[in-house]
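What follows is one structure encoded as structure tokens, with my remarks underneath.
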Amino acid sequence: MPSPADRTVLAVRGLKKSFLDVQAVAGVDLDVSAGECFGLLGPNGAGKTTTIEICEGLNTADEGEVEVLGLHWKRDAAALRERLGIQLQETQLADKLTVLETLELFRSFFRQGPAAADVMRLVALEDKQTARVRTLSGGQKQRLALACALVGDPELLFLDEPTTGLDPQARRQLWDLIDEFKRAGRTIVLTTHYMEEAERLCERVAIMDHGRVIARGTPRELIASIGVEHVIEWSTEGTAPDLAAISRLPGVRDVRVGNGAVLMQVTHLHEAVPALLAELARQGLALTELRTRSATLEDVFVALTGRHSRDD
């Protein structure tokens, strides 16, 4: 059964891990409470997967402590494996097994849990029960990997980049499955470099970069922390605009160029948009595109690191 809501189910203290001369994790502290979806965010290479692999017992730390469900991997490994569900970033399943055979195999690893057929229905693969794994689409394979993580009726579910490489429809289908698990009161630790995914699924998040946690809190708290409410994206034709002059406009907190457009982080749209239009007219430039949106976790990441979450 799920843990009481006030219980800390994952505690990480001073975690460090290096590979040769590369420090992948550089002193990470985390706390995850029962019943929440906790997001570990950041770009590829930020240290997310190494951190979660240590928490899952798949890797060992050079320094630091990890407590999972009140237990420790060094002395409680067998008990922990019965209580965790793990979906790896890339799950390699036996191509020649059918969907049902795969789930029955994984179900045999646990003393208790739902029937394989029930989990198959949960992830909407019942019409594929006799299909061999090699014939499944990318989204179907991800749903099967999630089902394999659920057959032991886990208290804590680790999902490492579960929607990477999926099309938007398949990604949303997987989000719905994660929502079902959350509604059952279980705990999820999710790693992702899709900031919109974290906003959609997570109660709290920690943003990692270069092996360190650089910010943590609820999505709304982190967005509020950068003092920006809106983002204006625009482009012009002809001569490049004078961005230094634009950065001095009322309510403008930051101006950057990205993906062929200028991005302005602003506090008040009703001040910034008229001021921008007037300044572009003064510079003799004509707009070819103008969009506005609310600030997101992606903007938090850009503000903290100066780059986008999916940059190489």
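Nothing here was measured: the structure is a model prediction, and the numbers come from that model.
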Does [X] reach the side chain of [Y], with side-chain heavy atoms less than 4.5 Å apart?
X: Thr164; Y: Tyr194; answer: yes
X: Arg7; Y: Leu69; answer: yes
X: Leu190; Y: Val205; answer: no
X: Val213; Y: Asp29; answer: no

Name all residues meeting the side chain to side chain donor-acceptor pair (under 3.5 Å) criterion together with [X]; count only those two or more places apart in sequence or in a different chain, and write none if there are none.
X: Lys128; answer: none
X: Arg121; answer: Asp118
X: Ser137; answer: Gln140

Full working for side chain to side chain contact (heavy atoms under 4.5 Å, CB included) between Cys55 and Val189: CA-CA 10 Å; Cys55 295; Val189 177; over 6 Å; no
Pairs in or reaching into residues 219-231: which pass salt bridge (charged side-chain N to carboxylate O under 4.0 Å, His left out), with residues at least two apart or in two chains? none
Could you name each residue pair satisfying salt bridge (charged side-chain N to carboxylate O under 4.0 Å, His left out) that touches residues 17-28, not counting sequence neighbours?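 Qualifying pairs: Lys17-Asp62.
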Counting only heavy atoms not in Arg111, do more than 12 fall under 6.0 Å of its CZ? no
Return yes if some donor-acceptor pair links the side-chain N/O of Glu199 with the main-chain N/O of Leu297 below 3.5 Å, else return no. yes
Is there a donor-acceptor pair under 3.5 Å between the side chain of Glu298 and the backbone N or O of Glu196?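 Pair absent, no side-chain N/O of Glu298 close to backbone of Glu196.
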Salt-bridge test for Arg200 and Glu197: reply yes if a basic N is under 4.0 Å from a carboxylate O, no otherwise. no
Ion pair present between Arg107 and Glu104, side-chain N to carboxylate O less than 4.0 angstrom?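 So Arg107 does not pair with Glu104 through a salt bridge.
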Worked verdict on Thr98 versus Thr130 for side-chain hydrogen bond (donor to acceptor under 3.5 Å, both in side chains): CA-CA 5 Å; Thr98 67; Thr130 60; over 6 Å; no
Applying ring pair (Phe, Tyr, Trp, His ring centres under 6.0 Å), which residue pairs with at least one partner in residues 256-289 are found, sequence neighbours left out? His268-His270
